Student: 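I have a structure here, written as structure tokens, and I will follow up with some questions on it.
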Amino acid sequence: MAAQKQGEFVGSLDCGTTSVRFIVFDKYANIVAQSQQEFPQYYPNPGWHEHDATEIVEHADLCIADAIKEMVAAGWAANSVKVIGITNQRETTVAWSRKTGKPLCKAIVWADSRTKHTVAQYEQKIEKVGIQAAPGAWVKGAAGTGALRGITGLPLSTYFSAIKLRWMLDNHPNVAEAHEADDLMFGTVESWVAYHLLGGPEKNIHISEVTNASRTLLLNTTTLKWEPSLLEFFGLRESILPKLVSSSEVYGHVAHGPLAGIPIGGLVGDQQGALVGNKCLNQGEAKCTYGTGAFLLFCTGEEIVNSNHGLLSTVAYQAGPNAKPVYALEGSIAVAGSAVKWLRDTMKLIDSAPQINDLAAQVPDSGGVYFVTAFGGLLAPYWDSGAGGLLIGISQYTTPSHIARATLEANGYQTRAIIESMKLDSGTDLKHLKVDGGMTNGDLAMSVLADVGGFTVIRPEMRESTALGSALLAGSAIKLFGWDLTRPETLAEVNTKGSREFAPQLGEEIREKRWEGWQRAVERSKGWDSAKA
Ligand SMILES: Nc1ncnc2c1ncn2[C@@H]1O[C@H](COP(=O)(O)OP(=O)(O)O)[C@@H](O)[C@H]1O
Ligand SMILES: O=P(O)(O)OC[C@H](O)CO
């Protein structure tokens with residue numbers, strides 16, 4: 001056997017909603033090796049979406065082993081990976097036991113909407129009791145909701161982790177008992193995966209990274225500390241919380257498998273990871289990732305911009321324990337690729353996700369059909385947990401092709417709604433949007449997005465931006481290749497292979513008429529499930 005070449009690479013473990021992948025990058029962001037594994041999704045009741053947290057880490061271990069095998073088969077020495085980063089689906093809530101290191105119940109996934117009643121309960125609490133905006137200063141009603149937004153950047157919603165954790169405590173007696181006995185460890189997915197890779201119950205390393213923590217409703221995004229008044233508000237003990245860490249530092253070393261002994265140097269929520277991977281590091285730069293859901297992040301630099309138009313203020317990244325945090329405005333759409341998956345798995349209109357593009361290409365437009373994909377209510381900028389999924393404008397003329405097209409168009413309309421809000425909040429109009437994620441593999445999906453949204457879509461050739469973001473943060477932590485996130489010029493050679501642009505082709509008048517149709521459809525969808533709204 002020929003001698004193995006010694007390489008210098010960075011690995012990224014991307015724990016998404018539907019799959020886990022491990023990618024090995026070189027210094028230019030060329031992919032050296034990769035492996036991807038889908039893992040089971042559980043939908044036990046309407047609106048429920050769960051993961052088995054153990055399956056997530058099992059699939060992560062498998063992906064790492066497969067990718068490293070591929071790298072070695074390509075002639076590289078096994079120790080060519082110098083550091084790894086982890087990026088992950090955000091908000092998904094895991095509760096596990098300190099004693100056993102095992103999950104105490106299924107993880108509640110970010111898109112799960114079972115907690116509508118918990119949200120209503122805490123809305124009432126803000127109304128009646130109020131929230132402690134500063135020591136001794138209680139504010140109620142709209143001022144209370146405003147204070148919550150001011151501290152966390154978030155509204156009360158089924159989307160965020162504290163609400164999901166509260167539901168677990170109220171509905172799983174074993175979780176409540178562990179809470180009482182100080183045996184409960186709470187974490188979002190990066191916290192759980194890092195705990196596992198860093199040695200599990202033997203080492204007990206319980207950390208949470210700030211971009212992920214900024215999605216819990218428990219982090220003060222200005223101080224980057226857990227907020228005691230919010231712990232009290234949600235009835236949570238401090239002992240369950242992980243230690244907060246930055247997005248780029250050495251947290252420890254991998255404890256098992258082919259990467260044993262390699263440092264973990266980056267942790268970041270996947271959407272913030274994609275922002276970094278797209279090198280949107282300066283104020284005014286934005287990207288949208290179209291995976292299971294779609295997430296548009298607009299970098300606001302070192303300033304927290306509070307939204308008055310339904311967007312979230314979130315931590316974009318913190319390039320080291322002493323670095324100043326960078327913030328973003330975010331518009332989150334719950335359903336994007338998952339509607340394509342629904343057409344494939346449940347409605348059987350297509351055999352594979354890419355086929356939606358072929359089916360939609362058979363018609364020039366949606367034939368007047370609108371699909372408000374409110375499978376579990378609507379997130380930004382509408383924030384209506386009672387909105388109902390709606391297909392409207394159907395007639396004898398409607399074919400599966402029209403429905404496929406309306407599904408792709410729904411992305412464009414929802415993206416435009418977010419961009420309009422961003423314009424109002426930041427005063428910046430986005431004429432170009434960098435995109436990535438599974439849905440952006442379809443060329444027609446991209447043309448439809450540009451036409452409906454009225455902006456130019458820029459799609460990079462190498463669009464594993466989420467994984468690349470965590471790789472950049474990990475590399476930066478040990479200054480691999482001279483990378484340093486605080487000096488963006490050190491990343492100039494990364495992912496420069498080019499991109500494809502999709503400019504809008506549709507006339508302005510038709511676009512505006514259809515936009516008006518979308519807005520009417522959304523109005524009909526809102527508040528549908530009024531009992532739960
Ligand atoms: N060619 C395609 N056209 C449209 N949608 C696609 C295509 N390929 C994959 N998808 C959709 O993209 C989603 C997967 O994207 P991905 O970025 O891997 O998601 P996640 O990170 O949320 O798990 C799936 O929901 C799938 O339906
Ligand atoms: O797994 P994705 O790519 O759909 O991303 C999920 C988001 O992080 C949820 O907020």
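These numbers come from the heavy atoms of this one structure, side chains and all, not from hydrogens, waters or symmetry mates. Small disclaimer: the values here were computed from a predicted structure and weren't measured. Counting starts at 1 for both ligands and their atoms, following the listed order.
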Student: Give a yes-or-no answer on whether the side chains of Ser470 and Ser12 include a donor-acceptor pair shorter than 3.5 Å.
Tutor: yes
Student: Return yes or no for this condition: an N or O of Asn441 is under 3.5 Å from an N or O of ligand 1.
Tutor: no
Student: Of Ala445, Pro354, Ala467, which has the heavy atom at the shortest distance from atom 2 (C) of ligand 1?
Tutor: Pro354
Student: Tell me, do Arg500 and Met446 make a side-chain contact under 4.5 Å, heavy atoms counted?
Tutor: no
Student: Show the atoms of ligand 1 that are less than 4.0 angstrom away from any heavy atom in Val340.
Tutor: 27 (O)
Student: I need the atoms of ligand 1 closer than 4.0 Å to a non-hydrogen atom of Ser338, numbered in the order shown.
Tutor: 25 (O)
Student: Run down the list Thr17, Ile356, Thr18 and name the one with the heavy atom closest to atom 4 (C) of ligand 1.
Tutor: Ile356
Student: Can you tell me if Ser161 and Arg215 form a side-chain donor-acceptor pair at under 3.5 Å?
Tutor: no
Student: Looking only at N/O atoms, are Gly337 and ligand 1 under 3.5 Å apart anywhere?
Tutor: yes
Student: Show the protein residues that qualify under the rule heavy atom under 4.0 Å from an atom of ligand 2, listing them in chain and number order.
Tutor: Gly16, Thr17, Gln89, Arg90, Glu91, Trp110, Tyr159, Asp270, Gln271, Thr292, Gly293, Phe295
Student: Just by distance, no angles: are the side chains of Ser401 and Gln362 close enough, under 3.5 Å, to form a donor-acceptor pair?
Tutor: yes
Student: Would you call Thr373 and Gln414 a side-chain contact if the rule is heavy atoms closer than 4.5 Å?
Tutor: yes
Student: Provide, to 0.1 Å, the distance between atom 26 (C) of ligand 1 and the closest protein heavy atom, together with that atom's residue and name.
Tutor: Ala353 CB, 3.9 Å
Student: If you count the atoms of ligand 1 from 1 in the order shown, which ones are under 4.0 Å from a heavy atom of Lys341?
Tutor: 27 (O)
Student: Which residue and non-hydrogen atom of the protein lie closest to atom 11 (C) of ligand 1, and at what distance in Å?
Tutor: Met439 CG, 3.9 Å
Student: Looking only at N/O atoms, are Gly438 and ligand 1 under 3.5 Å apart anywhere?
Tutor: yes
Student: Any chance OH of Tyr28 has more than 12 other-residue heavy atoms, nucleotides or ligands included, within less than 6.0 Å?
Tutor: no
Student: Should Arg90 and Asp270 count as an ion pair when the cut-off is N to O under 4.0 Å?
Tutor: yes
Student: For Gln36 and ligand 1, does the shortest N/O to N/O distance drop below 3.5 Å?
Tutor: no
Student: Given side chains that start at C-beta, do those of Trp226 and Ser208 come closer than 4.5 Å, heavy atoms only?
Tutor: yes
Student: Looking only at distances, please establish whether an N/O atom of ligand 1 is found under 3.5 Å from an N/O atom of Arg21.
Tutor: yes
Student: Any side-chain donor-acceptor pair under 3.5 Å between Thr292 and Gln89?
Tutor: no
Student: side-chain hydrogen bond (donor to acceptor under 3.5 Å, both in side chains), that's the test. Do Gln36 and Ser19 meet it? Break it down for me.
Tutor: CA-CA 7 Å; Gln36 180 170 7; Ser19 71; 2.8 Å; yes
Student: Please check if any side-chain donor atom of Asp436 sits under 3.5 Å from a side-chain acceptor atom of Thr289, or the reverse.
Tutor: yes
Student: What is the closest protein heavy atom to atom 20 (P) of ligand 1, and at what distance does it sit?
Tutor: Thr292 OG1, 3.5 Å
Student: Go through the steps to decide whether Met462 and Ile31 satisfy the test side chain to side chain contact (heavy atoms under 4.5 Å, CB included), and finish with yes or no.
Tutor: CA-CA 9 Å; Met462 198 301 288; Ile31 294 178; 4.0 Å; yes
Student: What part of Ala336 sits under 4.0 Å from ligand 1 if we count only heavy atoms: the side chain, the backbone, both or neither?
Tutor: neither
Student: Ignoring hydrogens and geometry beyond distance, is a side-chain donor-acceptor pair present between Trp110 and Thr17 at under 3.5 Å?
Tutor: yes
Student: In the protein, which heavy atom is nearest to atom 3 (N) of ligand 1, and how far is it?
Tutor: Asn357 ND2, 3.1 Å
